[in-house]
Amino acid sequence: MPEITLYDYELDESGYRARLLLSMLGLTWKTRAVDMFPGQEHKKRALLSLNPLGALPILQDGDFVLYGTSAILLYLAKAYDTEKRFLSDDAAGFGAVCKWLGFSDAALAPAIEARLQSLFNTAGDETAQRAQARKAFRIMDDHMTARHFDGKEWFVGNAPTLADISLFPSFALSRDYGIDHDEYPALRRWIRRFRAIEGFKTMPGIPDYH
C-alpha cells in the first residue's frame, strides 16, 4: 500500500476532517506539519506547487496528490472504505451525502472564517461571519430535530457517513468564537453520538459535554 501523507496544521478544522476519516478507516498516515499560523507556509512556493489555491489540507497517496477537503474525503472513502460504511453506492444516499458536503464547503465557510478571526485575528467581518455561521447551524439543528422525531441519529441514513464527518468540526469548534451550543440541542445530542464512533479523534476546542 502506498504511503499516505497529510499536509496539515493541528488547529485547522479542514485538516481535522481528513484526520477523522483516516482514523475511522483505521488507516496509517504520516503528517507533514505545516506552519499555517503565523508562518503562512501554505501560501509559499513549495506548497503552492501542490495546491495552487494556498489552502490545507493536502493529501498525498503514493504519487497521487489531492487538495480540497470534500474531494479528499470522497477519495479516501472510495479508495479505502471497502465496507462502504461512510459513502453508500445507493444513488439517493450518495446524493444526500454530497449535498451535505457541498453545504460544508459553502454554508460553513463563514464558520471556518469566524473561528480563524477569533483565534488568529485574520481579516474579515467577524460579526457577519458569526451571523452566517449561526444561520447554517440553525439549518443543521432543524434537520437533526426532524431526524430525531423520525428515530434517526445521523444526517443521512442509519449510520454515520461523510456527511457527519464533514459537518462535525465547524459546529463542534464554534465555541472558540462564542457560539452557545445550548441553542442547538439536536446538534449537542448528535455530537455526543459522534464522539462514540470507533476511531474518533479529538482536537483542541472539541467539547466533551460531561
Side-chain angles (χ1 to χ4, degrees), residues 2-62 64-77 79-80 86 101 103-126 129-130 132-133 136-137 162 164-179 191 194-195 197 199-208:
E3 183 176 65
I4 298 173
T5 299
L6 183 68
Y7 292 75
D8 192 17
Y9 176 66
E10 182 184 12
L11 296 180
D12 177 45
E13 69 176 76
S14 296
Y16 179 49
R17 289 170 169 82
R19 277 176 264 152
L20 280 169
L21 183 57
L22 285 163
S23 180
M24 290 174 179
L25 290 174
L27 297 174
T28 299
W29 73 97
K30 180 174 70 175
T31 298
R32 161 63 162 84
V34 177
D35 182 11
M36 191 174 187
F37 294 101
Q40 296 291 296
E41 185 183 0
H42 57 302
K43 297 184 181 296
K44 296 181 179 177
R45 181 176 299 176
L47 288 188
L48 287 174
S49 69
L50 300 177
N51 180 2
L53 298 180
L56 294 178
I58 302 167
L59 184 83
Q60 185 166 3
D61 188 2
F64 181 60
V65 177
L66 186 65
Y67 60 85
T69 309
S70 290
I72 289 171
L73 295 181
L74 287 165
Y75 168 76
L76 289 173
Y80 295 106
F86 297 104
L101 290 175
F103 183 93
S104 176
D105 289 337
L108 291 179
I112 293 174
E113 291 301 318
R115 179 171 171 271
L116 293 178
Q117 289 158 10
S118 179
L119 294 181
F120 304 111
N121 198 31
T122 57
D125 185 340
E126 191 168 348
Q129 302 286 17
R130 289 186 186 193
Q132 292 178 64
F137 297 150
L162 295 188
D164 301 281
I165 292 171
S166 71
L167 297 171
F168 175 80
S170 284
F171 179 71
L173 293 166
S174 63
R175 298 196 305 185
D176 284 347
Y177 54 96
I179 299 294
I191 277 183
F194 189 96
R195 289 182 60 96
I197 299 172
F200 173 80
K201 292 176 68 72
T202 192
M203 69 170 280
I206 297 293
D208 196 0

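For reference, positions follow the sequence shown, starting with 1. Both backbone and side-chain heavy atoms feed into the values below; hydrogens, waters and symmetry mates do not.
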task: Starting at CD1 of Ile72, measure out to CD1 of Ile58 and round the result to the nearest 0.5 Å.
output: 8.0 Å

statement: What one should report as the nearest heavy-atom pair of Leu20 and Lys201 is CD2-O, 3.4 Å

query: Within the distance-only criterion (no hydrogens, no angle test), does the side chain of Arg195 pair as donor or acceptor with the backbone N or O of Thr202 below 3.5 angstrom?
result: no

- request: Identify the heavy atoms of Arg19 and Asp12 that sit nearest to each other, and give their distance.
  value: NH2-O, 3.3 Å

field: Side-chain donor or acceptor of Ser166 paired with backbone N/O of Leu162 under 3.5 Å
entry: yes

query: Above 12 or not: heavy atoms from other molecules or residues under 6.0 Å from CD of Gln40?
result: yes

field: Derivation and outcome, side chain to side chain contact (heavy atoms under 4.5 Å, CB included), residues Tyr67 and Leu50
entry: CA-CA 8 Å; Tyr67 60 85; Leu50 300 177; over 6 Å; no

task: Please name the pair of heavy atoms, one in Ala114 and one in Glu126, separated by the smallest distance, quoted to 0.1 Å.
output: O-OE2, 4.2 Å

Evaluation steps, side chain to side chain contact (heavy atoms under 4.5 Å, CB included), between Leu25 and Phe86: CA-CA 9 Å; Leu25 290 174; Phe86 297 104; 3.9 Å; yes

message: Within this structure, what is the NE2-CG distance for the pair His42 and Asp8, rounded to the nearest 0.5 Å?
response: 12.0 Å

field: Nearest heavy atoms of Ala71 and Leu66, plus distance in Å
entry: O-CD2, 3.4 Å

- prompt: Any side-chain heavy-atom pair from Pro169 and Met203 closer than 4.5 angstrom?
  reply: no

- request: Measure the spacing between OG1 of Thr5 and CH2 of Trp29 and express it to the nearest 0.5 Å.
  value: 12.0 Å

task: Show the numbers, then the answer: is there a side chain to side chain contact (heavy atoms under 4.5 Å, CB included) between Val65 and Leu59?
output: CA-CA 6 Å; Val65 177; Leu59 184 83; over 6 Å; no

- request: Flag the pair Ile197 / Phe168 as yes when at least one side-chain heavy-atom distance between them is below 4.5 Å, and no otherwise.
  value: no

- prompt: Heavy-atom distance under 4.5 Å between the side chains of Leu119 and Phe37, does that happen here?
  reply: no

task: Using atom types as modelled and distance alone, determine if a side-chain donor or acceptor of Ser118 lies under 3.5 Å from a backbone N or O of Arg115.
output: no

message: With rounding to the nearest 0.5 angstrom, report the CG to CD distance, Leu56 to Glu41.
response: 8.5 Å

query: Under 30°, 30 to 60°, or over 60°: which ring-plane class applies to Phe194 and Phe200, parallel, tilted or perpendicular?
result: perpendicular

- prompt: When rounded to the nearest 0.5 angstrom, what distance separates CZ in Phe137 from CZ in Arg130?
  reply: 11.5 Å

field: Polar contact flag, side-chain donor to acceptor under 3.5 angstrom, Glu113-Thr122
entry: no

query: Where is the tightest heavy-atom contact between Gln117 and Gly124, given as atom of each residue plus distance?
result: NE2-CA, 3.5 Å

message: Looking at Ser170 and Leu167, would you say the former's side chain and the latter's main chain have a donor-acceptor pair under 3.5 Å?
response: no

message: I'd like to know if the side chain of Ser14 and the backbone of Pro57 have a donor-acceptor N/O pair within less than 3.5 Å.
response: no

statement: In this structure, OG of Ser70 is separated from CG of Leu101 (nearest 0.5 Å) by 4.5 Å

message: Regarding Asn51 and Tyr7, do their side chains bring together a donor and an acceptor under 3.5 Å, going by distance alone?
response: no

- prompt: Which atom pair, heavy atoms only, marks the closest approach of Leu6 to Leu22?
  reply: CD2-CD1, 4.2 Å

